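Small disclaimer: the values here were computed from a predicted structure and weren't measured. Residues: numbered from 1 along the sequence shown. Counting starts at 1 for both ligands and their atoms, following the listed order.
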Amino acid sequence: MEFDHILIRYGELALKGKNQKKFLVQLQQNIRRKLKQFPRVSVQRSQGRMFIVLHGEDPYPIMDICKTVFGIHSLSLAIKTENDLAAIKEAALYALQSAAAPRSFKVSVKRIHKGFPIHSQEMNQILGGHLLSNSSNVKVDVHRPDVTVKVEIRAEATYITSSAMEGAGGLPVGTAGKTLLMLSGGIDSPVAGFLTMKRGVDIEAVHFHSPPFTSERAKQKVIDLAEKLTAYGHRIKIHMVPFTKLQQKIFQDTPNGYSMTVMRRAMFRISEAICRENNILSITTGENLGQVASQTMESMHAINEVTNYPILRPLISMDKREIIRISEQIATYDISIRPYEDCCTIFVPKAPKTKPKRDRASYYEEKLDYNEMIKEALDHVETVIVESNKEVTSDEFEDLL
Ligand code: ATP
Ligand code: MG
């Protein structure tokens, strides 16, 4: 006997009423996509549960992959048996014995299929007795057992588990629309992308770079960060915006205190245009109140004037320590701290205004007359598609379609 299924629980989804079907189909599709490298396994849905049928595959690498799929609350190795008492007894014993030297257990039977003749209380007793008399050094403890042998009797079969692993939680990516993540090479924005994906949002990314002041390696850093994020989604399209000319112009012709504000406004204008072109309904940033001059309330107010698209700022209330902890968890931290300069660190005004005003920013922008340059930057956006473990250029992507 062996564990032949992985049982997937998706707690939060149960709340979604009519939309539930859509969520489940998306979750099933996301799991299937992640498990493509295991052609033997199948992913099935049955009322209130999802199952991965292993067909002889090693479950552990599969469980590891599933831990990155948003929408999964927890997962368990399961044995599937017929709805037959002798078979259930045997499987329950196997499930208990496969746990690491438990000193105590309890049995918890759920009789979802009411046609099964033995009620759950009675089943608990029958199975408890069977396990006790067939194993040594283990007793029943209904309050704090080392192992809970769970038995779900369903119409089509019975599933038995004796352990559970925590899943990523959240909602399946693809069920909450798409956002444009402003992805710098820093620590914050990849974490912001991760947290947005956790709420079921698919992402594309935009990166502003200023060659030759920013290097190829700085660009590669952003690709590597996006690649880490694909672990939680599918593929990520990065819009690489050439920002050199605009940045130079802004920093030459804008009074020092306002160059940062005007530059950020240009980034938002360009991001909104990319959203419009790609049917994306919001922009996400790694902004966090109070970290740097551009992130004061006044600064956000001044920068935000140029777009009325929703700006998602999932890190707004977090402490730097919390952000770093997440970036370590998702393995972006080591990439983010690579030393290459990004466009914002090169063109840094000596004394940016911490309380910029909207009307002053507009005034300096009018003098710049930079619409033509924004258009030119948009015309020269290069796209890079990043997929888990590999990246393709836009031309190659055309071939993929
Ligand atoms: P991060 O760690 O994400 O770089 P930060 O703390 O350095 O953030 P800022 O430099 O003020 O903060 O940037 C705020 C946000 O603006 C970033 O989190 C990111 O979303 C966006 N951003 C900054 N620079 C770029 C860039 N070169 N390309 C795309 N987005 C950027
Ligand atoms: Mg930064």
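The backbone of Leu183, and not its side chain, has at least one atom closer than 4.0 Å to an atom of ligand 1 (non-hydrogen atoms only; backbone = N, CA, C, O). Looking at Asn288 against ligand 1, nothing comes within 4.0 Å, counting heavy atoms.
Distances below 4.0 Å separate heavy atoms of Ile187 from the following atoms of ligand 1: 2 (O). Close contacts between ligand 1 and Gly286 involve ligand atoms 17 (C), 18 (O), 20 (O) [criterion: under 4.0 Å to a heavy atom]. The atoms of ligand 1 that sit less than 4.0 Å from any heavy atom of Thr285 are 20 (O). Within ligand 1, counting atoms from 1 as listed, the ones closer than 4.0 Å to a heavy atom of Met182 are 19 (C), 20 (O), 21 (C), 29 (C), 30 (N). Every atom of ligand 1 with a heavy atom of Val206 under 4.0 Å away is listed here by number and element: 29 (C). Below 4.0 Å from some heavy atom of Gly186 lie the following atoms of ligand 1, by number and element: 1 (P), 2 (O), 4 (O).
The closest approach between His209 and ligand 1 stays at or above 4.0 Å for every heavy atom of the residue.
Considering backbone and side-chain atoms together, Gly185 places no N or O closer than 3.5 Å to any N or O of ligand 1. Looking at Gln295 next to ligand 1, an N or O pair under 3.5 Å apart turns up. Of the polar atoms of Thr284, none of the N or O atoms is found under 3.5 Å from an N or O of ligand 1, judged by distance alone.
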message: Set out, in order, the CA-CA distance, both residues' side-chain angles and the distance that settles salt bridge (charged side-chain N to carboxylate O under 4.0 Å, His left out) for Asp64 and Lys67, then state yes or no.
response: CA-CA 5 Å; Asp64 276 346; Lys67 279 199 279 183; 3.6 Å; yes
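For the pair Lys228 and Asp224, the salt-bridge criterion is not met [side-chain N within less than 4.0 Å of a carboxylate O]. Between Lys249 and Glu372 there is no salt bridge, since none of the side-chain N atoms of the basic residue sits less than 4.0 Å from a carboxylate O of the acidic one. Between Glu152 and Arg154 there is a salt bridge, since at least one side-chain N of the basic residue sits less than 4.0 Å from a carboxylate O of the acidic one.
Two rings, from Phe213 and Phe243, have their centers 6.0 Å or more apart. Taking the centre of each ring, Tyr10 and Phe23 stay at or above the 6.0 Å mark.
Partners of Lys245 by side chain to side chain donor-acceptor pair (under 3.5 Å), not counting sequence neighbours, listed by chain and number: Glu376. Lys80 meets the side chain to side chain donor-acceptor pair (under 3.5 Å) test with no other residue; sequence neighbours excluded.
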